[in-house]
Every structure is written in structure tokens, then in C-alpha cells.
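What follows is one structure encoded as C-alpha cells, with my remarks underneath.
Note that the structure is a prediction, hence the values are computed from the model and not measured. Quick note on labels: first sequence line is chain A, next is B, and so on, each numbered from 1.
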There are 2 protein chains.
Amino acid sequence: MIPTLQTIADRVNVSRSTVSRVLNNKWKMYGISQATADKITSLAKELHYLKNEAARSLREKKTFTIGVIVRDITNPFYSQLVKFVESALYSKGYTIIICNTGYDLDRENGHINVLLSRRVDGIILSPIQKSIENIFKIKDRNVPLALFDCKIDDLEADYILVDNEAGTMEAVSYLIDQGHKKIVYIGGNPYDSNNRLRYAGYRNSLSLASISIPDHYVKHGNYSFKHGYEAATQLLRSNDVPTAFFAANNRIMLGACKGIMDCGLQIPDDISIVGFDDFETATMLPSPLTVIRQPLREMALNAVDLLLSRIEKANNIPYMTSMLKTEFVIRNSTKNLN
Amino acid sequence: MIPTLQTIADRVNVSRSTVSRVLNNKWKMYGISQATADKITSLAKELHYLKNEAARSLREKKTFTIGVIVRDITNPFYSQLVKFVESALYSKGYTIIICNTGYDLDRENGHINVLLSRRVDGIILSPIQKSIENIFKIKDRNVPLALFDCKIDDLEADYILVDNEAGTMEAVSYLIDQGHKKIVYIGGNPYDSNNRLRYAGYRNSLSLASISIPDHYVKHGNYSFKHGYEAATQLLRSNDVPTAFFAANNRIMLGACKGIMDCGLQIPDDISIVGFDDFETATMLPSPLTVIRQPLREMALNAVDLLLSRIEKANNIPYMTSMLKTEFVIRNSTKNLN
DNA sequence: AAATTTTACGCAATCGATGGCGGAACTTTA
DNA sequence: TAAAGTTCCGCCATCGATTGCGTAAAATTT
């Protein structure tokens, strides 16, 4: 039998209340004697007593649980996020429930229902652009929510973002400075806010340099290896081969690199490439990749801080957006054409 | 205010019991009229009623929660595991709590306490070799447990493993068949069961071929990029350069590859390498890596099946070990010396 | 019309922990 | 020795959902 407060109370001949007070370190303010406290403490240890969190949660209306909903846990971007978030929350006594949506709206919805049903204290969500209905379910219940890595149009909320446009401009301008004019944009889902902003940055940079963009230099699609691969190979085998690629995320970039290799070309000698997200493989290729790094650790910590301040202080503070700067990490995947 | 059963009961003028029965689809067996049932169902929908899981768990002594404790969530091996486990459990109505230990025993212990306190229905644990005390805490409470990716000496439990020794022998024998005699073992933590078995396989293969192993060809250490890198560079710069490396896991293998590249050498022309775990980057290098793949999906599903059968059927069945075969994936990272 | 059956629910205990309020027992003070 | 403090702790309601047992009211049978 698993011991409860009552088990201990019976053995020490006191009431549940007393045991509860002792085990919660409140016995002094309730004037419980040292002797009683000691007896209770040691018996609890002996019996390996562990508080039933379900009961505590029910009574206290607080679960010390945070739901973390990501699009793809196998993407290093998210698995790192989870690691940082888990670590930060663990030290504050919180536990995380992981939900993987695989970019599926219904699944996201299902997960949100579960989290609300479990009365989580807060949610970190990396939504998909169409999540707005799902998000309203959370907002209606007044559950603290941090939206991560995606801005939803016209939706007021707490956001954790990076400056996608500026980050992209820095990278594309770098290409332009190196003399590139034929720069292809291989993007993710066209409706995704990140993709739109990165695309905007790309256009801005080229526009500032008065370089026009042929339609077939823009390849929206989705954030997958496959899309990167196909877009790259198709262009490299066309009769208007670009000199550089911009990849909208790590998956696309990797796919594009593979495509380039499969076409028998070398980075950076035959073709240049830069893109979003830093990842380990980027440093492993023969020519390490120049990338735009997102400050993941800071983003994770900001998300946690934001949530905890709403949870533990007040939830009626105005919405905040944490917009961090990206870092342009120059390695060796671009060629200077000048 | 968040609606409860009572909220609905009051509005429909019935008792909590009736509402509960209707919402749990048990109203027929309790002879509740269709009319009442309909009123309740639609009101619940209108109010966006969501059952309080803490209350349900408390009463039912079942949480529909599984704890998943991994050593390093950012290792693709574990993030894939988590993905498969999450997906399988989601479809069965279970939720997972993620715990990352970072190979730290105290942290593992802390996480186990939290999970037990939350009365999870089961735990999937990828332990470290010294976890035995922690594991006993779980066993003492009779909580179903699946040990993943690590065999603890003399500990009876449910295990999900692969045939490390056979898998390694296949790979090392392959090197030997290609004429390699100077094969280095770059290993993980010396006490880790995987490492020991992989090392045993390595020794067996060489012994069968009557090839002796100089001491400095065995580099135990830990499962890190750094260790792989350092072991590789050190050997490549020594005066007894091997012709092939065997890497005990994906992190080590990547580090070794990087080390090889930094020494200005080419895979497979200058040096051959094979190793454990398949991972995306393995296919991205100029010469894709020949690896020993673990059937992660099957392992994850087996772990889930094993746990669920204990949870939902009986926990008094004998312990089982799921030992799956590895798959040798031949790519192009070894040179035929014959 | 009385007896029996069926229909349709309600009562109250339970799961385990928490905390406000109250109070008995003992000690000190006047 | 009675009044006033202290010391030390218990009673009981509460959180929300579930379920065994019981029963009033309506319907049916005899």
C-alpha cells in the first residue's frame, strides 16, 4: 500500500493536518512541537512517503506542470528548445508535458484539450499559422501562453520571436556584397510568418541593391529536407543556374546541400549557400556552412520567464513580445565573386 | 469560472452523478433518459466543459501519464524515440512527461521522485549504469518500468535492447573482410553496458580473425563528440596510424569524422570508419557513412506495448527482454584494402 | 385497486492533501 | 485559586469526479 498522510498520522497518533503541516515545513507557524515534527519527518522518510500530486493539485488548483507543444521534436531546433526549457523549469519545480504535432492542426487541438483538461499552469506553443482557433481555447480559459517561433496575424499574445527580417537581410546582403546577383530563395510554408518575414528580408536586400528577382528564383514549399533537395536540384539542372541559395530553415538547407552534392557540385566553389538556423551538421560538411543562428537558449529562458511571471505574479499584465536578434555565423559556404 | 460537473448539474437540475454518467457514456446502463442525456451533452459542449484530470486521477488511481526519462533529448537517437513513443501513447490516450538527465544521477533521482509523486502509470527509462538505486525506488512502488538502451547488471526488469555484440561483429567483420587489421575502437563510458557489449563484439571479431589489439587502439571515454574528435586526432597524429575506426555511437562517430577532416584526411580513401547509430548527417557527408542502425521505431513501439500490457492487463507477468536485431547499412565510408 | 416492474435518477462516501478556526491542556501571573 | 496566556494540535469543509446502493415516480400487470 502506498502511504498517505493518514498512514503517517495513524502511526504517530496525530491528525492528517499535523502531518501535512510538518511535511510542508509549516509546523513552526502552527506551533507544533519539535518532537512531533521529528517523529513525523523520520517516519515519512522511512515509509518513502511521496505526496500525491493529484490530490495536491486538486486542492490547490495548481499543477506545477507546463505543456510544451512543438511541431517536430526531432528537429534539433525544437529538441534544444525542449532541453533548455526543461532544465529551467525543473529548477523551479515544474514538470513538462511534451506534445508533438507534426504540423497537424487536429493533433494540436487534441493536445491542447488534454493540457487544459490537466489544468496545466501554462503552455509554450510553437503554433502553425492556422492555429488561431486552438489558441483561443487557451486564451478563453485564461491559461498563460507563450507563442514560440511563429507570429499569428492579428493575434495579441505573448510571443518569443527573433528578428527574422533583419537576420535574413544581413545574410542576403552579405551574399550581395560578395558579388552575387542570382540568389534563390528556398522557403517554407508560404503562409508561415517566419517564412514571410524571411522572404521579406530577402526581397528587401535585393531591392536595396536594385537586383530584380525572377519568379522561378522563389521556391516556397515547406520546411522539409525534401523540399530543399528538390528545389536545389531542379534549379541546378535548369538553364538559369543561380550562384547562391538562401534556405529558410535548417531542414531545407540540409536538403539543398545534399542536392548540390548529388549534382556533383561543390560548396562554395560552384555554388554558395546561406540559411537559417545553426545546427551541428552545418559544421561537419567539407565546407562548414554560413548560417543565421537563433539564440535558442535565450529564447527558451525568455519563454520560461514570461510564463512564470504570469503564473506566479499576475496574469493581467500587458502582452509582451520578446524579439531577439539573430547572429550571423560566417563559415565557409559562400564564394566571393568580386 | 471553470465549469465543473456541479455547474452543469445545477443548470440541468440533475445531480453530479447523472452528469458524470452521461459524459462518460454510461447513461444507458444507468437508465438515464435520452432527453436528459442530450441536455447535458449539449450544455457541456456549450460551456466547453473539460473534465478535471486531477480529480479523476485522484479518484481512479490512474493518471494516463507515462514518464519518459532520457539521457540527452538533443541526441537524435532519443528525440526520435520520444517522437515515436509520444505518438503511440497519444493514440492510446496517454500523455508523456519528459525528463532529461544529461547523464546526471542526481537529476535522474529527482525526476523519478517527481514522477512517482505524480503517480505516473509507467516509466520508460534510459538509465545510466549507476542508476540501480534509483530504479529500485520505482520497483518498490510496483510502477511498470521499461528500461531502454541499457542493461543493468544483475537487475531483473523489462528491457528494450538491441543485439549490440552481434551488430558490432557484423560491422567489424566487414572491415576485416576488406583487409583491415589496424582497427581502433573509440568507445563510450567504460561501465556502460552498450559500450561493453560493443567492445566485446569488436574483440570477438578481431579474435576470430586472429588479429591482436594493441592497448592504444582502444579508447574508452564517453559518448561525446569531443571524445570522438580527440581520440581520432590523437591516433591520426601518432606514429601508429590505424586504417579504420569503429565508433561506439553517433556522437563519437561525428566527432571522429570531424577529427579526420581536420587532419586533412579523406573518408574512405585515407581512413575507414564505421559505427553505431544511423543519423541524418551520416548521409550528408561527402562519403556517406556506413553505420549500424538500431530499429528505433520498433524499439519505441515495443517499449510502449510492454508498458501498456503491464498497466492495462497484469503487472505480475514475468520480466521480458525485447532484443532486436540491428541493421548494417553499407554506404561508403570504408575502403577495400584487398 | 393493489402489487409488481421499470424508469430515471439522487445520496453520500471516497480518493489524498490543505488550512481556517477552534479548543483542550498546561503554565504563568496576580 | 481564578484568570490569562501559551503550547500544541484536531475538526471539518473543500477541491472535482466516480460509483454502489437505494428509492420515488411512472408504467404495467393481475
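In this structure, CE of B/M1 is placed 11 Å from C1' of D/dC15, rounded to the nearest angstrom. Taking atom CD1 of A/I8 as the reference point, atom C1' of D/dC9 lies 17 Å away to the nearest angstrom. Rounded to whole angstrom, the span from the CG atom of B/L5 across to the P atom of C/dC11 amounts to 15 Å. Rounded to whole Å, atom C1' of D/dT14 lies 16 Å from atom CG of A/N52. C/dA17 atom P lies 15 Å from atom CZ of B/R118, rounded to whole Å. Rounded to a whole Å, the CG atom of A/D38 is 11 Å from the P atom of D/dC9. What separates NZ of A/K51 from C1' of C/dG16 is a distance of 11 Å, to the nearest Å. One atom, CD of B/Q6, and another, P of D/dA17, lie 9 Å apart when rounded to the nearest Å.
Sorted by residue number, the members of residues 14-33 of chain B with any non-hydrogen atom under 4.0 Å from DNA chain C read B/V14, B/S15, B/R16, B/S17, B/T18, B/R21, B/Y30, B/G31, B/I32, B/S33.
Side chains of B/N194 and B/Y223: no donor on one and acceptor on the other come within 3.5 Å. A donor and an acceptor atom, one from each side chain of A/R56 and B/S117, are nowhere located under 3.5 Å apart.
In this structure, B/R59 and B/A37 both approach DNA chain C, and ranking their closest nucleotides by distance from the 5' end singles out B/A37. Residues A/Q34 and B/L50 both approach DNA chain D. Their nearest nucleotides, taken by heavy-atom distance, put A/Q34 toward the 5′ side.
Looking only at distances, a side-chain donor or acceptor of B/D72 sits under 3.5 Å from a matching main-chain atom of B/T74. In this structure, the side chain of B/T321 does not engage the main chain of B/M323 through any donor-acceptor pair within 3.5 Å. Of the possible donor and acceptor atoms, one in the side chain of B/K139 sits under 3.5 Å from a partner among the backbone N and O of B/E156.
Using a 4.0 Å cut-off, no side-chain N or O of B/S57 falls inside it from OP1 or OP2 of C/dC15. Proximity of B/K62 to the phosphate of C/dC15: no side-chain N or O atom is located under 4.0 Å from OP1 or OP2. For C/dG16, the OP1/OP2 oxygens have a side-chain nitrogen or oxygen of B/K61 closer than 4.0 Å.
With respect to the salt-bridge test (charged N to carboxylate O, under 4.0 angstrom), the residues A/R310 and A/D158 qualify.
Counting only heavy atoms from C-beta on, A/A55 has its side chain closest to C/dA17 among C/dA17, C/dC9, C/dG19. Residue B/R56 has its side chain nearest to D/dT18 when only C/dC15, D/dC15, D/dT18 are considered.
Relative to the ring axis of B/F64, B/K62 places its NZ or CZ within 45° and under 6.0 Å from the centre.
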